Participant: 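First the structure, then my questions, so here it is.
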Number of protein chains: 2
Amino acid sequence: MEAYERIKKSIIEGDYAPGTRLTEENLAKELQISRTPIREAIKRLETERLISPLKRGVIVSEFNREDIWQIYNLRALLEGYAAAEAAVNRSAEDIEAMERCNEQFKDLLENPTYGRTEMLNEITELNNQFHSAVYNASHNEHLRFHITSVTVLPLVFRSFYWYNEYQLKKSLELHQTILCAIQANEPDRAKTAMQEHIYQGRDHVLKNINNES
Amino acid sequence: MEAYERIKKSIIEGDYAPGTRLTEENLAKELQISRTPIREAIKRLETERLISPLKRGVIVSEFNREDIWQIYNLRALLEGYAAAEAAVNRSAEDIEAMERCNEQFKDLLENPTYGRTEMLNEITELNNQFHSAVYNASHNEHLRFHITSVTVLPLVFRSFYWYNEYQLKKSLELHQTILCAIQANEPDRAKTAMQEHIYQGRDHVLKNINNES
DNA sequence: AGTTGATTTATTGTATACAAAGTGCTACGA
DNA sequence: TCGTAGCACTTTGTATACAATAAATCAACT
């Protein structure tokens, strides 16, 4: 794994908390490589806005409630559009991919064999996979780019860790609604269901996050 | 001006045509600096998708009709949303900034003192300024980021160079409609007017561009 | 002639030394 | 005690040498 991916992973997994100062030299020492690839990784993470310039150097980006509001609303706009486009452009394989995600999601909810943390990691992964399957089904590379770009940021909130069983079930249901609408070539229904799903996520994060960030 | 800006400018102004191969060493020689800042600029332009990796190295990105379609539709989605948000969040200064752009635009159309090329450069600049004024008025940093990101790409088409006097007048009128709607706190009207404006730009580019790219 | 393998060449990847510049600290003066 | 100027230190910016590797060329064999 290259430097960029390693640092990104550390940020998303919370090893480098928001506000943490990152210097090239420290990272170089930590990852046991020279400053050159570190520089590259930092520049890239900066354009993705996972880190922000501060004085001489950078810090892991911090997001306040206003940021969360704006980011989730943008997600709703873009992923809602993607769902609508998917309802028009989806292939049979796209449908299958989405079905697989939802089936695994369902299995996991019905047979909670792991510990809670492992299960929520799995859920997070499956949720991401479903969303990917939807925007991939839109067959729109530019749209895909913007969605992935706006979606990395909420990852740092690790929102699924606050979900209870009822909320997870509600998520699955909306996934299924979205899938049905896409399968039935109903762009507008797909869009509204997706937006509803994301707005629920937004409100959930806003309700649970510490008031200041 | 740093390396990144110089290369970006060269791409947007067409000095490096789409498909042109760019190598670190050539750029370093051309800009009279070492490869290090060139590397950085290339990486950044790559994440902005102005250049694309190809074999060992990169080329200036090429866009086909499908790309143009997708990019302009995304612009309509994002800038339409920005216009609606601006209608809710705009301050008095935001309104003034938009008014200034449109007044200058109008002056320019009524008093075409320059040569055609200089005038169209000026028009392009004023058009960009108006659009910036609108999304700045939305007071949404994340939205701003995505709009600027999706908007750099159409710049390489230099679409205004194909506009005739009537079309420029129509552009100005829509700008004024957008401004009125934002001033009157009519988010939906602002959105539809902005979308209409961008769709007209899209169709204009698609009509005039060489069929293959 | 076409295909495969080895050799050469072009180009990027990495490390490191040094230059430049911003930050903060300390000491001095008001 | 507060402010400020100068200095030291931390950190990034740049250049350059060398390593790694992908691509292209060419030759040999089928």
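Every chain is numbered from 1, with letters handed out A, B, ... down the list of sequences. The shown structure was predicted, so the numbers you read here are calculated from the model rather than taken from an experiment.
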Participant: Please pick, from C/dG24, D/dA15, C/dA17, the nucleotide with the shortest atom-to-atom distance to any side-chain atom of A/R35.
Facilitator: C/dA17

Participant: Counting side-chain heavy atoms from C-beta on, which of D/dT14, D/dT12, C/dT11 comes nearest to B/T36?
Facilitator: D/dT14

Participant: Between atom CD in A/E25 and atom P in D/dG13, what is the gap in whole Å?
Facilitator: 13 Å

Participant: Between B/L54 and B/R21, is a side chain to side chain contact (heavy atoms under 4.5 Å, CB included) present by the stated rule, with each step listed?
Facilitator: CA-CA 9 Å; B/L54 180 70; B/R21 180 133 191 268; 5.8 Å; no

Participant: Could you state the atom-to-atom distance from CD of B/Q32 to C1' of D/dA15 in whole Å?
Facilitator: 14 Å

Participant: Give a yes or no on whether A/Q167 atom CD has more than 12 heavy-atom contacts from other residues, nucleotides or ligands under 6.0 Å away.
Facilitator: yes

Participant: Whole Å only: how far is the CG atom of B/N26 from the P atom of C/dT11?
Facilitator: 7 Å

Participant: Rounding to an integer number of Å, can you tell me how far A/K29 NZ sits from D/dT12 P?
Facilitator: 12 Å

Participant: Taking atom types as modelled, is there a side-chain donor on B/T124 or B/N127 under 3.5 Å from an acceptor on the other?
Facilitator: no

Participant: Please report the distance, rounded to the nearest Å, between CD in B/E46 and P in C/dT12.
Facilitator: 11 Å

Participant: Any idea which of D/dA23, C/dG22, C/dT14 is nearest the B/R56 side chain?
Facilitator: D/dA23

Participant: Nearest to the B/K43 side chain among D/dT21, D/dA24, C/dG13, which nucleotide is it?
Facilitator: C/dG13

Participant: Could you state the atom-to-atom distance from NZ of B/K55 to C1' of D/dA24 in whole Å?
Facilitator: 9 Å

